[in-house]
Amino acid sequence: QGERDASEGPVLLAAASMQEAMEATADGWAAAGHARPLISFASSAVVARQASEGAPADLVVTADEQWMDWMEQQQLLRPGTRRNIAGNRLVLVAPGVPGEAPSGGEGDASALLSEFSGRLAIAEPETVPAGRYAVAALKQMGLADRLADTIVPAENVRSALALVERGEVELGIVYATDALASDRVVVLASLDPEMHPPIRYPLSVLAGSTHPDAEAFADYVASPAGQAILARHGFSASR
Amino acid sequence: MSFEVRLTLRLGEAEVRADFASDARLTALVGPSGAGKTSVLNAIAGLLHPREGRLLAAGRVLFDSERGIDLSPEARRAGYVFQDGRLFPHMSVRKNLAYGERLAPPAERWITCAEVSDLLDIGDLLDRRTTNLSGGEVRRVAIARALLAAPRFLLLDEPTASLDAARAEALLGLIERIRDAMEVPILLVSHSRAEVERLAGQIVEMA
Amino acid sequence: MSFEVRLTLRLGEAEVRADFASDARLTALVGPSGAGKTSVLNAIAGLLHPREGRLLAAGRVLFDSERGIDLSPEARRAGYVFQDGRLFPHMSVRKNLAYGERLAPPAERWITCAEVSDLLDIGDLLDRRTTNLSGGEVRRVAIARALLAAPRFLLLDEPTASLDAARAEALLGLIERIRDAMEVPILLVSHSRAEVERLAGQIVEMA
Amino acid sequence: MSGWLSAAEWAVIGLSLKVSLVAVLASLPFAYALAWLIARRRFPGRMLLDAAVHLPLVLPPVVTGWLLLLAFGRNGPIGGWLEQTFGITLVFTWVGAALAAAVMALPLMVRAMRLSIEAVDRKLVEAARSLGASPLRAFATITLPLSLPGIAAGAMLGFARSLGEFGATITFAANIEGKTRTLPLAIYTGLQVPGGESAVARLAIMAIVLSLGALMVSEWLVRRSGGSRAHVL
Amino acid sequence: MSGWLSAAEWAVIGLSLKVSLVAVLASLPFAYALAWLIARRRFPGRMLLDAAVHLPLVLPPVVTGWLLLLAFGRNGPIGGWLEQTFGITLVFTWVGAALAAAVMALPLMVRAMRLSIEAVDRKLVEAARSLGASPLRAFATITLPLSLPGIAAGAMLGFARSLGEFGATITFAANIEGKTRTLPLAIYTGLQVPGGESAVARLAIMAIVLSLGALMVSEWLVRRSGGSRAHVL
Ligand SMILES: Nc1ncnc2c1ncn2[C@@H]1O[C@H](COP(=O)(O)OP(=O)(O)OP(=O)(O)O)[C@@H](O)[C@H]1O
Ligand SMILES: Nc1ncnc2c1ncn2[C@@H]1O[C@H](COP(=O)(O)OP(=O)(O)OP(=O)(O)O)[C@@H](O)[C@H]1O
Ligand SMILES: [Mg+2]
Ligand SMILES: [Mg+2]
């Protein structure tokens, strides 16, 4: 099997939470005169399992390192092409209109949560990285047990956000990127990044890739131009 | 008046008309195949709705297009023996027989299950499913079922078809008894000249 | 040999036995309702499988439990007029008639659609759906359909039931013609003594 | 056997059974009524009703779940009313999971029942009427029992669909262990973590066993009641 | 109307239609054969076959997609063979999406068809045989046309299910715009974007319109062929 013709872009499997940012990055890449990548969005687990079953894809982006590690162990990644392209923060949100935050500024998450009674939406902690980070942070704050019965685990971060937007829950813990994009929630507080494992979005070229542009696109995402696009969508620089 | 029938029925493209009145205890309705005999019985039973006309059975008006009367089938209290049997396939013979009997006011019943089983010789079939009865067995069960519903009048569509001579004779005897002993007017469709002449007080010819 | 029938049939809990041979052109099978007449016809047509026995029709062995012969229904080439009609509900009368005719080898056909329609007076029904035919109309179409399949022998289960006198007479004439002019043996089930005596060369009684 | 699955997994199975059974049993009469209306009545809007019943099949389950949230959520018109009047909360409860499963199963149940109702010979209903039965009684004694094969098939399909329902449930009832985490949610959870395959396999086998059981019950039900429908003179 | 949806959205709808139509048409004969086997034949393992057909209903769609990936992926036994022998790749192609949709729709199609086949009076088949029809011809001329209501219902259910299929498709065929992003995947994608609700609503309305169209076609098909089945002397 030789290299593919570059008139059709490389196939990128991406975590759904990266959707807008990756689309924008792809647009940037295409604007530079390349064939636009074909991007498939799904959950990180689906993405990883697709790669593992030999799906005809060239690049992969996951929402945490766990699944990327799993793929690396299975030798699905092209050595030397893995890198972190973005980071993120967790915030505590409540229903409301942005800019009308109660105290104007950012409050203390730990203080807010320790008096909280009601329901708290997070992403499903067993399956979704954001949920796992949220629970880790609650544990660090010593609130995990107290809040255990109030937690509503949603399918993913977007669903958790939607529950807050609809007012079905009083509070939610979501990514800063998601909160930024919503006009129906207010950010009450940021969670201290030291409270949970670092949030990283790794990207890698797949070992089975035959597309000539695969590595070049990966480099583009990590380049200042690519990073600027990601930053515009609220992602912090990767650490 | 036993029966008074005046109707126009629309059947697909064809039209069936009937106009007769009879005071006989047993009225025979005869005519060639396709003349509309079954359709007339259906109309009297309330299963077909005439475009216009007037139907009266056992002295009661069942349908009158002018006066806007149209009794529901269950209110008409017809004892209808269908040409095609129509036994309930999910019930035993016994349950088929009990179906109408249970719904009839006890005071108005004029024959018992034991009697009718005996007269129609279906005692052995009571616990059978109806799906594998023979043609004559279906016919006899259908007759018994209709009689047990304590009907105010009977509509018999070729009741002796597919019955052997002995059974047919027993049935004719039973019909004669009903005709003579009960106040139940009977409208009989039959293709047998002999049968009609023996039983009918009045013969209505359809063409 | 026209028919040779020796069989034991299991029907639910009951058992039906028949043992007769006939060289007559028309053999009548008579007996009370429930005697097993229809079941015997079903066995000859290949729709019921005897536990053991031997069946022969029009000189051909159809079934022989000892020799392991059991022809499929379509290979038996019976012209079976069912007691219950069994017209195909999704086809017009014309298509019902053509069903068997198209499958019969042209050389073996012995009556045409036009002839049979005329004799049975069903010309007007050809384009009708079969679901709203009258009882006698169903019967006549069923007879025509069976005759058009160019059968090697006929099984007629009460063919004149629910036919008016004129139509019944026409049918009997047709049966006589088939009996006398064609080499088609006929097995007739009938409850009419007169009919049997008029037509049958041999009468088989079932009890 | 009990050692093969963890206590938590047994709880998941128990919950799934409860949710699916309640979903099917509670929606059965409603589904049958819809099937009967669509099969036997001609009224304006019949086509629309028919289409509406099919909706949960066509829409992605997540969207159905989201619509349920809009209607039955605490701020939704029905959900708010239920909560204020009866103090019943559906979101994030097992009853909500049953509601989601029932809605998703409805089109399957209605279709199967409708096919069977349409196959019931109206001549038998007429016979019942002429024997003195009111329309309601004729329905209950003739149409209903004769359409039993469709009821059983519909219940079976609905039960299987409920057992497998994922998207609407996770959206409307969330994925709360011990409260709304049914089998598919547990299986999904297993698939989303690396190395969860063995739990997935065990739970999937249980799902298969349950549906096989339901299948046998429904076949037996039909057979016991004599599903045959030949009824010719 | 064409201005109401973007070109990309029209493409999504075209793709969805193609995938659903191919899924239903290609699986129809297979589904009917299965329905016939289960309805009319008694053989060892019939129950198991019946249960197997129901599996995609009970398992979460994502699991079904994963199993498809295992079997039909390029490293899977069937997928590998197909690729080496015919050069056909199913994963990540619209044909793969159709396969996923067909598998998910199969139980619904089989059940509806089976109900209708079981309702066909065997006495009519016997009559056809005695008129000279071979078993195959009797099947083609009697059983098949008389079970048409079930075929139409099955096709309709299958089409609707295919239109709505999400979990198995995203897992097996991925979510690639222009290639495998069908309506539900596009709706999912829209739901992942804040403010994507209006796109979601437009696409959902299109899904509803499509299924309504399919519904009317199937009803019309049945009516045209005279779905009635009374056939009594
Ligand atoms: N729905 C219908 N559409 C068209 N024609 C119909 C319909 N129903 C009945 N017919 C026709 O109307 C005529 C009268 O039918 P009906 O069953 O009343 O006849 P009948 O006198 O009982 O005949 P038979 O003695 O053969 O039973 C028949 O020619 C029949 O084919
Ligand atoms: N599957 C079955 N199970 C039990 N009994 C059966 C079955 N099939 C037929 N019978 C019984 O066997 C007997 C013979 O039936 P058959 O139909 O052959 O009678 P027949 O002589 O044709 O009667 P008729 O003149 O009434 O049509 C009947 O008593 C019938 O009820
Ligand atoms: Mg008649
Ligand atoms: Mg008989």
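Each of C/M91, C/R102, C/R145 was compared with C/L97 under the side-chain contact (heavy atoms from CB on, under 4.5 Å) criterion, and only C/R145 meets it.
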Quick one: do B/M206 and B/V16 satisfy side chain to side chain contact (heavy atoms under 4.5 Å, CB included)? Show the steps, please. CA-CA 10 Å; B/M206 290 191 68; B/V16 165; 4.0 Å; yes

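For a residue to count as touching a neighbouring chain, one of its non-hydrogen atoms must lie under 4.5 Å from one of that chain's; by this rule B/S134 touches chain C with the side chain only. Of the atoms belonging to B/E158, it is side-chain heavy atoms, and not backbone ones, that fall under 4.5 Å from chain C. For C/R128, no part sits under 4.5 Å from any heavy atom of chain B, backbone or side chain. Heavy atoms closer than 4.5 Å to chain C are found nowhere in B/R193, neither backbone nor side chain.
Put simply, the side chain of C/S2 does not reach to within 4.5 Å of the side chain of C/R25, judged on heavy atoms. Side chains of B/R76 and B/L55 form a contact here, defined as non-hydrogen atoms less than 4.5 Å apart.
Residue with the most contacts toward chain C among B/S190, B/G34, B/G31: B/G34 (heavy-atom pairs, distance under 4.5 Å).
B/S162 and C/Q83 share no side-chain donor-acceptor pair at under 3.5 Å.
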